[in-house]
Asker: 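Got a structure for you, questions after.
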Amino acid sequence: MLAVLTSKPAAMPELPEVEITRRGIEPHVSGQRIGEVVTRHLGLRYPFPPQLRECLIGQRVTAVRRRAKYILLDAGDYVLLLHLGMSGSLRIFPRDTPAGKHDHFDLVLGEKVLRLRDPRRFGAVLLLEPPAEQHALLATLGCEPLADDFDGEVLYAMSRGRRTPIKPFIMDAHRIVGVGNIYASESLFRARIHPATPAGQLNRKHCRVLADAIKQTLQDALAAGGSSLKDFVHSDGASGYFQQQYAVYGRDNQPCRVCGATVERHVMAQRATFCCPVCQKTANTRGISRAKSGT
DNA sequence: CCACGCTCCTGCGCGC
DNA sequence: TGCGCGCAGGAGCGTG
């Protein structure tokens with residue numbers, strides 16, 4: 001059984017995974033009263049707030065929301081903020097299910113427990129006072145890419161005069177939230193835009209195509225994850241992240257699925273970046289180091 | 001304000 | 001077969 005649980009995740013929790021997680025736990029969490037709070041480690045990215053138990057026990061969870069990659073539980077006088085980092089997962093178990101090595105945080109709700117597992121401990125558990133949106137972590141966040149108020153015009157406006165390559169640009173949560181390293185490369189491929197293109201060099205049409213590509217890429221991932229909703233209840237193989245077929249991510253030195261050219265790997269802002277040099281010609285690629293393909 | 005790079009942590013893959 | 005090094009990644013934060 002444990003062997004199944006250790007199968008490696010296919011991808012980090014990006015926005016679609018977080019939203020699927022939210023939907024998966026919501027029916028088991030919303031409306032429930034918090035009976036107990038358990039921490040098994042000093043903390044994750046931040047130390048666990050010392051007042052977690054006293055503030056949360058007895059509160060009723062009235063909503064399970066998401067902002068960017070943060071999951072927010074409205075719990076009476078407080079808002080519990082959860083972040084999955086890069087290896088975190090939230091699952092529902094029968095209460096009294098023995099905790100595993102990386103199970104760092106439990107919220108006991110009736111006969112069930114909401115459990116945060118995070119091997120690499122990049123995740124976060126914080127206690128906020130409403131309105132949570134005013135908290136420093138949330139107040140400066142950018143657009144929700146799937147919302148109607150994000151579109152090509154917005155992307156065009158925010159990128160004027162910016163010399164940052166478009167790939168790290170769309171990954172900056174202060175502009176657009178939830179576009180992680182994987183979907184950044186995938187979205188740019190879908191838009192046929194080279195990741196090194198200076199953001200300010202994109203024209204209106206580029207921006208419209210890219211905004212649409214981001215939405216479509218995230219929505220496709222959401223759809224792929226939708227079928228795994230039932231997995232959020234215990235027993236599950238913690239199947240976790242949805243296995244998807246990527247166009248370019250992680251495919252360096254393999255043929256482009258569209259044109260057959262060899263997919264390249266570059267390092268951009270310290271992050272692995274994948275692109276097809278033939279399909280993605282959009283712009284000024286001078287100065288891009290022909291990075292040795294990793295591994 | 002902007003651009004960039006460091007950092008946290010741990011599992012895993014690779015090279016020897 | 002075993003060991004150890006280095007990478008991967010979200011996002012805050014420090015620096016120039």
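Basis for what follows: all heavy atoms, side chains included, without hydrogens, waters or symmetry-related copies. So that the names make sense, note that chain A is the first sequence line, chain B the second, and so on, each numbered from 1. In this text, all values refer to a predicted model and were calculated from it rather than measured experimentally.
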Asker: Is dT1(C) paired to anything, Watson-Crick or G-U wobble with both distances less than 3.5 Å, and if yes, which nucleotide?
Answerer: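 Here dT1(C) is not engaged in any pair, so there is no nucleotide opposite it.
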Asker: Counting only side-chain heavy atoms from C-beta out, which of dA8(C), dC8(B), dA11(C) sits nearest to R120(A)?
Answerer: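 Output: dA8(C).
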Asker: Atom CG of D172(A) and atom C1' of dC2(B): how far apart are they, to the nearest Å?
Answerer: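 Taking CG of D172(A) and C1' of dC2(B), I get 11 Å after rounding.
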Asker: Touch check for F169(A), heavy atoms < 4.0 angstrom, all strands: base, sugar-phosphate only, or nothing?
Answerer: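 Answer is nothing: F169(A) stays at 4.0 Å or more from every strand.
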Asker: Donor-acceptor check, side chain of H104(A) to backbone of L116(A), threshold 3.5 angstrom: yes or no?
Answerer: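 No; zero donor-acceptor contacts below 3.5 Å.
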Asker: Classify the nucleic acid contact of L137(A) as base, sugar-phosphate or nothing, counting any heavy atom under 4.0 Å across all strands shown.
Answerer: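 Sugar-phosphate contact only - L137(A) comes under 4.0 Å of backbone atoms but never of a base.
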Asker: CZ of R265(A) versus P of dC7(C): gap in Å, rounded?
Answerer: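 Spelled out: CZ on R265(A) to P on dC7(C) is 9 Å.
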Asker: Report the distance from atom CD of E14(A) to atom C1' of dA8(C), rounded to the nearest whole Å.
Answerer: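 Rounded to the whole Å, the gap is 13 Å.
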Asker: Compare side-chain N and O positions of K101(A) against OP1 and OP2 of dG11(B) and report whether any pair is under 4.0 Å apart.
Answerer: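 So the side-chain polar atoms of K101(A) do come within 4.0 Å of the phosphate oxygens OP1 or OP2 of dG11(B), strictly under.
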Asker: Separation of F122(A) atom CZ from dG10(C) atom C1', in whole Å?
Answerer: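 F122(A) atom CZ is separated from dG10(C) atom C1' by 8 Å.
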Asker: Atom CD1 of I176(A) to atom C1' of dG10(C): distance rounded to whole Å?
Answerer: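 Checked: the CD1 to C1' distance equals 16 Å.
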Asker: When you check the phosphate oxygens OP1 and OP2 of dG11(B), does a side-chain N or O of H102(A) lie under 4.0 Å from one of them?
Answerer: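 Indeed, a polar side-chain atom of H102(A) lies that close.
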Asker: Indicate the ring-plane relationship of Y183(A) and Y246(A), choosing parallel, tilted or perpendicular according to the 30° and 60° boundaries.
Answerer: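 Judged by the thresholds at 30° and 60°, the geometry between Y183(A) and Y246(A) is perpendicular.
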Asker: Considering only side-chain heavy atoms of Q270(A), which listed nucleotide, dG12(C), dG10(C), dC6(B), is closest?
Answerer: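 So the nucleotide nearest the side chain must be dC6(B).
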Asker: Any side-chain to backbone donor/acceptor pair from Q280(A) onto R192(A)? Under 3.5 Å, distance only.
Answerer: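 Looks like no, no N/O pair under 3.5 Å.
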Asker: For a quick test of reading the model, state the closest non-hydrogen atom pair linking L72(A) to R67(A) and the distance between them.
Answerer: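 Distance-wise, the nearest heavy atoms are CD1-CB, 4.2 Å.
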Asker: So, is Y183(A) close to the dG10(C) phosphate, meaning a side-chain N or O under 4.0 Å from OP1 or OP2?
Answerer: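 Answer no for this pair, as no side-chain N or O of Y183(A) is under 4.0 Å from OP1 or OP2.
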Asker: With no hydrogens and no angle check, is any side-chain donor or acceptor of R160(A) less than 3.5 Å from a backbone partner on G200(A)?
Answerer: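 Answer holds: yes.
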Asker: When the distance from CG of D118(A) to C1' of dA8(C) is rounded to whole Å, what number comes out?
Answerer: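 Result: 14 Å.
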Asker: Within the pair H83(A) and dG10(C), is there a side-chain N or O less than 4.0 Å away from OP1 or OP2?
Answerer: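 H83(A) to dG10(C) OP1/OP2: no side-chain N or O under 4.0 Å.
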Asker: Once you round it to whole Å, what is the distance between C1' of dG5(B) and CE of M171(A)?
Answerer: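 Those two atoms, CE and C1', are 14 Å apart.
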Asker: Suppose we call a contact any N or O donor and acceptor under 3.5 Å apart; does that hold for the side chain of R271(A) and the base of dA8(C)?
Answerer: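 No such pair is found, so the answer is no.
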Asker: May I have the distance from I182(A) (atom CD1) to dA8(C) (atom P), rounded to whole angstrom?
Answerer: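 One finds 12 Å between P of dA8(C) and CD1 of I182(A), rounded.
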Asker: Is the shortest side-chain N/O distance from R121(A) to OP1 or OP2 of dT10(B) below 4.0 Å?
Answerer: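 True: R121(A) side-chain N/O within range (under 4.0 Å) of dT10(B) OP1/OP2.
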Asker: So A269(A), base contact, sugar-phosphate only, or nothing? Heavy-atom distance under 4.0 Å.
Answerer: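 Nothing, no nucleic acid heavy atom in range.
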